[in-house]
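To keep things clear, I will list the structure first and then write my remarks on it.
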Amino acid sequence: MIRKYTFGTPLPTDAVVMRLPVQSGPVPYFDVRNGEDGSVSFSLALHPEEVIFGLGQAVRGVDKRGHRYESWNSDVFNHTESQPSLYGSHNFIIFFSPERMLGVFLDEPGRIIWDLGYTRCDEAVITSVSGCLDLFLIEEDSLTGIAHAFRGLTGRSYLPPRWAFGYIQSRWGYASEQEIRTVVSEHRKRHIPLDAVCLDIDYMVDFKNFTWKPDAFPDLRQFQSEMKEDHLRLVPIIDAGIKVEEGYAPYDTGKAGDFFCKKEDGSDFVAAVWPGRCCFPDFLREDARRWFGDLYRPLLEAGIEGFWNDMNEPALFYSDEGLADAFATADRIRAGGVDYEETWWLKDAFNGMANNPEDYRRFYHLVGGKPVRHDRVHNLYGAGMTKATAEGFRRFSPGERLLLFSRSSYIGAHRDGGIWQGDNFSWWSHLKMAVQMLPGLNLCGFLYTGCDLGGFGCDVTEDLLERFLQLGVFTPLMRNHSALHTREQEIYRFSSWETMRDTVSVRYALLPYLYSEFMKAALRDGMYFRPLVFDYPGDPRAVHIQDQLMLGEGCMIAPVYEQNAAGRYVYLPEDMLMIRFRSGQDYDLVPLEKGDHWIPFAPGEFPLFVKKNRAVLLCSGGESSELLDDARFTVLGQIERESVYELYRDDGRTAAPDLENSLTKVVLSPSASLQTVRDIP
Ligand code: MIG
């Protein structure tokens, strides 16, 4: 059951696809308080055993209780435990205690504060700063039921093409066709599977969107078509800002259509990002989205089938006004004399220029023809860009799925694209963080996601990359990405590249199976990754497990995320079969009993656990997703009673998949052996 309550005059967000009557009368569960500042807060006493799931892209554990978060899309290059916000606003949580099971969604694009047992450990207080919102309360008789109902409310998750489940190599700094050919050949000659290479901002002319360097990429269409013959795709980046430069078509056409965000005086808002001074498309306007979406055309016509959208919080290095303010502060200090305290102000004046809250109050969007100040709708900006891109894709190739993943997002954008988890570091703690963020993202509809494997910032070590890859084997987006000036982290750079290659080979052996699990989850409004308690609601141990996740219908993962760990503890909520992988062909099959186990995992080893009477399907592998044989499988499982596995297969690209007709029922018969080879035509 979903109930809707409205406070103030909420602005449209397009998050919800279901029409519901607005309830009158008091909101159950919560004490509602109107703040003197115009805010509205909802408070609720927490049961001692209550856990809180959700919030999507946020730091800390699977259970969000015990901290204060803010929904305020931010370009934060340092995901410490104290970060209140990351790049997306995913305002959905589930309260779960012996006494209650309640889903809560706040549909409001301004700032939301989530005090989840922070100020008082026994109370949750959720505040909409604007005082406006649609509040949705979801009650079902299971956690999965709530998750499913929420997806019904907000719509089906984005479906990427099947090749997007292949291994993707990326790095900020790849500057030419030549460099990319080298990256590819270094993979191919070692038989490290690879499906795509990302182009970061270095492919553009002066970081200008929709341009590419003529010397470095003389014939992009030809290059992409050669790559495609080798079953590879190029995935270029697009940033939110459009460089202010007359004669540059995206600027000229944007200006002609008046599609940029405006200041109060009606002039275009300008702030610097990578290309220098930029204007910002008003993605909240349909006509601006149409214009922007069509800008992808030349790249699509060159054969590009995937993009990543960046800097769309939007990230701002500084505005004209912000820079002027900083200089004014510097001049004032110089005139007044510098002492130790002034040097702090001086530093703050310049360090505080990026993503400055002042700047988000300097510009306006047109919503229904009326100007709305940016900070009122801040959290929608990235979602608007995703929408513009997806709409453009649909106009260009209506029948096909293209790859799109964005940095910034809001619920609703999960229908149009995936997201990556943002600028993590090459830290062991960030490997754990990536694991813990996944179920929240799935709960909020973002199924196609993954972190920068190896870590984006800082220098990776071999063992860390290997353990990151072991997680990446299971995340729908499996991308190795790193920042300029950090240690190069392509697999082939390392002495243990063979081990890493074997790890990637597990992904390819599992690819048809993981794709099948993903597609069923997406098409049935389910979750691909879940906290354990979603499957074992009555198990008091399962509810507190923070570092293992259920995957698909029948599996569980338990990544190793500590340096030099020779293994780890794993809690099995029921008897399971452990597949301890070394490669797609090399693994141990170990039936284990419900309970706690310490299990050794040598550096190149990692597990997948399978419930009884469920199966995992391995294909014979290959170096590209397009070269896998998905008609012949090794079926792994502990089958004690006749069961059925539904294998989802389609052409991997149709925009309108037909679930029922894409399923093959694989009958699993009771058997003493844990693996059988099956032809599944
Ligand atoms: O300010 O395009 O999160 O993945 O490599 C940094 C360069 C801009 C941030 C993205 C990252 C990307 C980088 N970008």
Side-chain angles (χ1 to χ4, degrees), residues 57 59 73-79 83 85-88 168-175 179-180 183 196-213 216 234-243 271-278 280 306-318 351 353-356 359 381-382 385-386 389 403-409 417-427 430 433-434 437 441 446 449-460 468 472 475 477-490:
Q57 199 176 44
V59 298
N73 294 355
S74 306
D75 170 20
V76 275
F77 181 67
N78 196 353
H79 304 174
Q83 283 295 352
S85 319
L86 297 177
Y87 314 85
I168 305 178
Q169 179 57 50
S170 180
R171 179 170 171 87
W172 179 5
Y174 294 156
E179 201 171 340
I180 288 160
V183 169
V197 180
C198 286
L199 303 182
D200 207 319
I201 49 174
D202 321 272
Y203 80 92
M204 301 178 196
V205 178
D206 300 331
F207 306 128
K208 286 186 289 191
N209 284 329
F210 313 110
T211 65
W212 53 94
K213 287 183 180 143
L234 300 170
V235 181
I237 194 171
I238 298 293
D239 283 0
I242 295 287
K243 185 177 175 68
V273 210
W274 290 107
R277 297 173 70 253
C278 286
F280 295 85
F307 291 87
W308 49 312
N309 282 347
D310 191 19
M311 306 299 274
N312 47 4
E313 294 70 29
L316 308 173
F317 294 166
Y318 58 86
N351 288 336
M353 280 190 322
N355 309 320
N356 189 315
D359 283 334
Y381 196 77
M385 184 179 183
T386 298
T389 310
L403 173 60
L404 175 61
F405 54 101
S406 170
R407 193 169 71 176
S408 185
S409 60
I419 53 177
W420 83 98
Q421 290 174 269
D423 294 345
N424 59 355
F425 285 171
S426 298
W427 288 353
H430 280 188
M433 179 183 70
M437 208 187 281
L441 289 171
F446 293 92
T449 188
C451 69
D452 287 355
L453 301 174
F456 175 73
C458 307
D459 294 330
V460 77
F468 257 113
T475 57
L477 169 62
M478 185 190 193
R479 182 176 74 139
N480 178 338
H481 181 54
S482 55
L484 196 67
H485 306 311
T486 59
R487 182 178 184 180
E488 291 172 309
Q489 66 184 37
E490 296 83 4

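As the structure lists them, so they are numbered: ligands from 1, and atoms in each ligand from 1.
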Subject >> Side chain to side chain, Glu313 and Tyr87, heavy atoms closer than 4.5 Å >> reply: yes
Original post:
Does ligand 1 have an atom under 4.0 Å from some heavy atom of Trp420?
Top reply: yes
**OP:** Please could you name the atoms of ligand 1 that Met311 approaches to less than 4.0 Å, counting only its heavy atoms?
**Re:** 1 (O), 8 (C)
**OP:** With heavy atoms only and a cut-off of under 4.0 Å, state how Ile237 meets ligand 1: side chain, backbone, both or neither.
**Re:** side chain
Original post:
Any N/O of Asp452 closer than 3.5 Å to an N/O of ligand 1?
Top reply: no
Subject >> Side chains of Thr211 and Asp206 in contact at under 4.5 Å (non-hydrogen atoms) >> reply: no
Subject >> Student check: side-chain heavy atoms of Ser426 and Gln489 closer than 4.5 Å >> reply: yes
Subject >> Exercise: do Arg171 and Thr486 side chains pair donor with acceptor under 3.5 Å >> reply: yes
Subject >> From the candidates Asp202, Asp200, Ile201, Asn424, the one that places a heavy atom nearest atom 5 (O) of ligand 1 >> reply: Asp200
Original post:
Taking the inter-plane angle between the rings of Trp172 and Phe456 on a 0 to 90° scale, is it parallel (under 30°), tilted (30 to 60°) or perpendicular (over 60°)?
Top reply: parallel
Subject >> Residue, atom name and distance, where the atom is the protein heavy atom closest to atom 14 (N) of ligand 1 >> reply: Asp310 OD2, 2.7 Å
**OP:** Could you tell me whether a side-chain N or O of Gln421 sits under 3.5 Å from a main-chain N or O of Gln57, the two making a donor and an acceptor?
**Re:** no
Original post:
What protein heavy atom sits nearest atom 4 (O) of ligand 1, and how far off is it?
Top reply: His481 NE2, 2.9 Å
**OP:** Would you kindly specify which portion of Trp308 sits under 4.0 Å from ligand 1, judged on non-hydrogen atoms: side chain, backbone, both or neither?
**Re:** side chain
Original post:
So which heavy atom in the protein is nearest atom 3 (O) of ligand 1, and how far is it from that ligand atom?
Top reply: Asp423 OD1, 2.5 Å
Subject >> Spatial distance of atom CZ (Phe210) from atom CG (Asp239) [nearest 0.5 Å] >> reply: 9.5 Å
